[in-house]
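Here is the naming used below: chain letters follow the sequence lines, and residue numbers restart at 1 for every chain.
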Amino acid sequence: MWSSHRAGRSRRCRRTAWWTSCLQRSPPPALGAAAGRSDYRCLPGGGPAAPKEERMRATELFVPTLKEDPADAEAVSHKLLVRGGFVRQLAAGIYIFLPLGWRVLGRINQIIREEMNAIGGVEVSMPTLHPAEVWQQSGRYDAIGSEMFRLKDRNDRPMVLAMTHEEVFAWLAAHELRSYRDLPQIWYQIQIKFRDEPRAKGGILRVREFLMKDSYSFDLDFDGLEVSYNKHIVAYDNIFQRCGLKFYRVESDPGMMGGATAHEYMAPTPAGEDLVALCPQCGYSANLEMARSIATPPEPYAPGTIPEEPAEVETPERRTIAEVSEFLGIPASSLIKSLLVMTADEQPVLALVRGDHELHEGKLSRVLQQEIRPAHPDEVRGILGVEVGFVGPVGVPQRVRVIADECLAPTGPGGERPYVVGGNKAHVHLRGVKLGRDLSPAYADLREARSGDQCPFCGGKLGVEQVLEVGNIFKLGLKYSVPMKANVLDESGKERPVVMGSYGIGPARIAAGAVEQCHDERGIIWPKAIAPFDVYLVQVQSQDDLQTEVAASLHDALELGGLECLWDNRQERAGVKFADADLIGCPVRVTVGKRVSEGLVEVQPRAGGARQEVSVSDVPEVVKGLLA
RNA sequence: CGGGGCGUAGCGCAGCCUGGUAGCGCGCAGCGUUCGGGACGCUGAGGUCCCGGGUUCAAAUCCCGGCGCCCCGACCA
């Protein structure tokens, strides 16, 4: 497979430095008992590498650990991955993976491959440099902004660096799939993607060049898509589980990917950038962009503070909910927040949410089916004739669409009740306004769900948690197959577009998420399946012949047993080796020290638990027990 | 794209305010002692002080412009 891959590659890349793309595109090492040592060299000159010393010694592996946190790191995973010698930063959002980091990715990728293959996926490798036409054909060349790297080749031909591969996979499908008999297909790759993030951050959490497993399913109809989608759910559940990650599968916004249904796989960690709502009772879970919930009823207001009929009240210099609430002695939940936004086609829309709630712009945008932005203060004055802070929904010009959050409806949790709103007049608010009577807005789910809300399905109490997106799955439908003309003939000989799905996983995010979830003050505690090595073998005295002999035999015995072992044979003091062992975080440490003359070595799990003295011959068994 | 911070040895930092021979810790090299939780002593190497311009007898330091990196927000297919 390796040789044929190379042959194909070199033909295409003859005139350029073919090995650069080869390096980038070479599949990461398959690890495990059968793989490992000499299989992955991809250097100029190519060919199988010369046989290498069998044992993995620390003195030969490049592991530049650091005592101090790097100054530019904030996230725990960033600090530990840099300190542990897993990665180095080349530029903003561009990272080098060092041997240890690459091994971790290799293990993750291997798990991904096994699970993708198990659902019938087949692996391919797509270019990361695309002619712009392909993206023009789908319309995304114009739809996507400066987040796409764009460049020109020597002939001035516009090119792009791939942010994702829907177009190219659809292109391939269009060219090669002819008949319903060719379907279904699941094609995947583990490939570099480029996104010119406006702001890279968090070490390897949010970067501009990154590895991604992406797969694409091709089916004859939507029932087929359903099957492919569900297969991916199975594969993804297995992948994240095997990687030792705590994760949720949540409903997500299909967004610009198009299509109807989408889920995201989320690893809970404070380093994450997303929020999800979770119901512990029935398992409902959704990205906050989507999350439905039932608001807690508004607090009761003191009798007499809000009249039953609209009445103006002077509220000098009281512009915010907090100020008005305090000034009038009325709970924030009895106020209505009126927010003017502008749609992409410059139409004003007034959004209403309860005073103690937050408008979710994404939800509003979805309701309006276009992008929105908050109106500028002078636009507010121009359209409503009043300064921000006193805007209200009563008596707004006809051309302003008014949409209220559904919890404000008379049928909502607050029932039919009077609210306080902006007076649309400087320094004036309006008390006693009832929706349905004094105004009849459209209703929609506009508010951001929050902790303590009721689950819309079972009534349980929703929690909101911070999470890192590690994977996503989308039902694309015909969004790409139609413009890319990916059609096949069905049984009746009629041409129809294939139904697509697309599915992503960020291997480096799995790694970073695992570090965020599993570490202590001394370093990383890798989940067993994705650690760079299973065993960190410390030889306390590197000059001691007996220790050397025993360490070597232990290394071999462990490897024979299918375990990967890093032998720390460096001429360092014991403390240094222990500290590095803790920092690097392999699941088991085996220490060959003083008592080796009695035939005893130490075995200690990194995650905690007893350090035990074990006779040399029992080590493989004991270690296997710990890794089971 | 708005707001803030930083840029001096491989890494972490001081020096800048108040201009006058560029420093500390770690790391690195050599020698010696030490040797199961980031040892100690001695010796030594290592710098376009981010870049460009300006002020000045003199700029790491003051002024102007640029670049890079980090953080908060916006964005995130």
Checklist entry - What's the CD-P distance between A/Gln543 and B/U33, to the nearest Å? => result 14 Å

Checklist entry - Have A/His263 and A/Tyr248 got a donor and an acceptor in their side chains that come within less than 3.5 Å? => result no

Checklist outcome for this item: Answer for the Watson-Crick or wobble partner of B/C76, both distances under 3.5 Å, is none

Checklist outcome for this item: Partner of B/G10 under the Watson-Crick or G-U wobble criteria, both distances under 3.5 Å, comes out as B/C26

Item to check | B/G68 versus B/C51 - spacing of their C1' atoms, nearest Å | outcome: 10 Å

Next on the checklist: For B/C75, does the base pair up with any side-chain atom of A/Arg206 as donor and acceptor (N or O, under 3.5 Å, distance only)?
Outcome noted: yes

Checklist outcome for this item: Here the distance between atom P of B/G12 and atom NZ of A/Lys79, to the nearest Å, is 13 Å

Checklist entry - How far does the P atom of B/G46 sit from the matching atom of B/C6, given to the nearest Å? => result 31 Å

Checklist entry - Base, sugar-phosphate alone, or nothing: which one does A/Ala200 contact when heavy atoms must sit under 4.0 Å apart? => result sugar-phosphate

Checklist outcome for this item: Under a 3.5 Å limit on both distances, the Watson-Crick or wobble mate of B/C16 is none

Checklist entry - Can you give one letter per nucleotide of nucleotides 36-49 of chain B, going 5' to 3': B for a protein heavy atom under 4.0 Å from the base, S for sugar-phosphate only, - for none? => result BBBB----------

Checklist outcome for this item: Mate of B/U55 across any strand shown (Watson-Crick or G-U wobble, both atom pairs under 3.5 Å) is none

Checklist entry - Which value, in whole Å, describes the distance between the P atoms of nucleotides B/U18 and B/G12? => result 29 Å

Next on the checklist: Please list, in numerical order, the residues of residues 373-382 of chain A that have a heavy atom closer than 4.0 Å to any atom of RNA chain B.
Outcome noted: none

Checklist outcome for this item: Regarding the side chain of A/Pro198, the nearest nucleotide among B/G12, B/C71, B/C75 is B/C75

Checklist entry - Rounded to the Å, how far apart are A/Leu205 CG and B/C75 P? => result 20 Å

Checklist entry - What closest approach, in Å, do A/Arg150 and A/Gly145 show between heavy atoms, and which atom pair accounts for it? => result NH2-O, 3.0 Å

Item to check | Salt-bridge contact A/Glu273-A/Arg206 (side-chain N to carboxylate O under 4.0 Å) | outcome: yes

Checklist entry - Using atom C1' of each nucleotide, how far apart are B/U21 and B/G47 to the nearest Å? => result 14 Å

Next on the checklist: I need the CZ-C1' distance between A/Arg199 and B/G5, as an integer number of Å.
Outcome noted: 12 Å

Checklist entry - Can you tell me how far C1' in B/U48 sits from the matching atom in B/G52, rounded to whole Å? => result 13 Å

Next on the checklist: At 4.0 Å (heavy atoms only), tell me whether A/Gly504 reaches a base, stays on the sugar-phosphate, or touches nothing.
Outcome noted: nothing

Checklist entry - Between A/Asp214 and A/Gln189, is any side-chain donor less than 3.5 angstrom from a side-chain acceptor? => result yes

Checklist entry - Taking 4.0 angstrom as the limit, do A/Glu60 and A/Arg55 come out as a salt bridge? => result no

Item to check | For the student: nearest non-hydrogen atoms of A/Ser285 and A/Leu278, plus distance | outcome: CB-CD2, 3.4 Å

Donor-acceptor contacts under 3.5 Å from residues 507-515 of chain A side chains, at least two apart:
unit_1   : atom_1 : unit_2   : atom_2 : d
A/Arg509 : NE     : A/Leu205 : O      : 2.8
A/Arg509 : NH1    : A/Glu469 : O      : 2.9
A/Arg509 : NH2    : A/Leu205 : O      : 2.9

Item to check | Length of the CG-P vector between A/Asn472 and B/C76, whole Å | outcome: 15 Å

Checklist entry - With a cut-off of 6.0 Å (strictly less than), are more than 12 heavy atoms of other residues, nucleotides or ligands near CD of A/Glu346? => result yes

Item to check | Counter-base of B/C35, judged by Watson-Crick or G-U geometry with both distances under 3.5 Å | outcome: none

Item to check | Position toward the 5' end of RNA chain B (nearest nucleotide), A/Glu197 or A/Asp72 | outcome: A/Asp72

Checklist entry - Within the pair A/Gln89 and B/C70, is there a side-chain N or O less than 4.0 Å away from OP1 or OP2? => result yes

Item to check | G-U wobble or Watson-Crick pairing nucleotide for B/A45 (cut-off 3.5 Å, both distances) | outcome: none

Next on the checklist: Could you walk me through whether A/Asn569 and A/Thr59 satisfy the side chain to side chain donor-acceptor pair (under 3.5 Å) test, starting with their C-alpha distance in whole Å, then the side-chain angles of each, then the deciding distance to 0.1 Å, before giving a yes or no?
Outcome noted: CA-CA 7 Å; A/Asn569 64 331; A/Thr59 45; 3.0 Å; yes

Checklist outcome for this item: In whole angstroms, the gap separating P of B/C1 from CD of A/Glu147 amounts to 14 Å

Item to check | Spacing of the C1' atoms in B/C64 and B/U56 (rounded, Å) | outcome: 16 Å

Next on the checklist: Would A/Asp580 and A/Lys67 count as a salt bridge (charged side-chain N to carboxylate O under 4.0 Å, His left out) here? Give the steps.
Outcome noted: CA-CA 9 Å; A/Asp580 276 345; A/Lys67 253 191 231 184; over 6 Å; no

Next on the checklist: Looking at A/Arg195 and B/C76, is any side-chain donor or acceptor paired with a base atom of the opposite kind under 3.5 Å?
Outcome noted: no

Item to check | Check: A/Gln571/A/Ser542 side-chain N/O donor and acceptor closer than 3.5 Å | outcome: no

Checklist entry - Starting at CD of A/Glu572 and ending at C1' of B/U34, how long is that distance when rounded to a whole Å? => result 14 Å

Checklist entry - What class does the angle between the rings of A/His165 and A/His130 fall in, given that below 30° is parallel, 30 to 60° is tilted and above 60° is perpendicular? => result perpendicular

Checklist entry - What integer number of Å spans the C1' atoms of B/A29 and B/A22? => result 22 Å

Checklist entry - How far does the P atom of B/C49 sit from the matching atom of B/A59, given to the nearest Å? => result 12 Å

Next on the checklist: Counting the atoms with a prime plus P, OP1 and OP2 as sugar-phosphate, which does A/Ala73 contact under 4.0 Å by heavy atoms, base, sugar-phosphate, or nothing?
Outcome noted: nothing

Next on the checklist: Rounded to whole Å, how long is the line connecting atom CG of A/Asp69 with atom C1' of B/G10?
Outcome noted: 17 Å

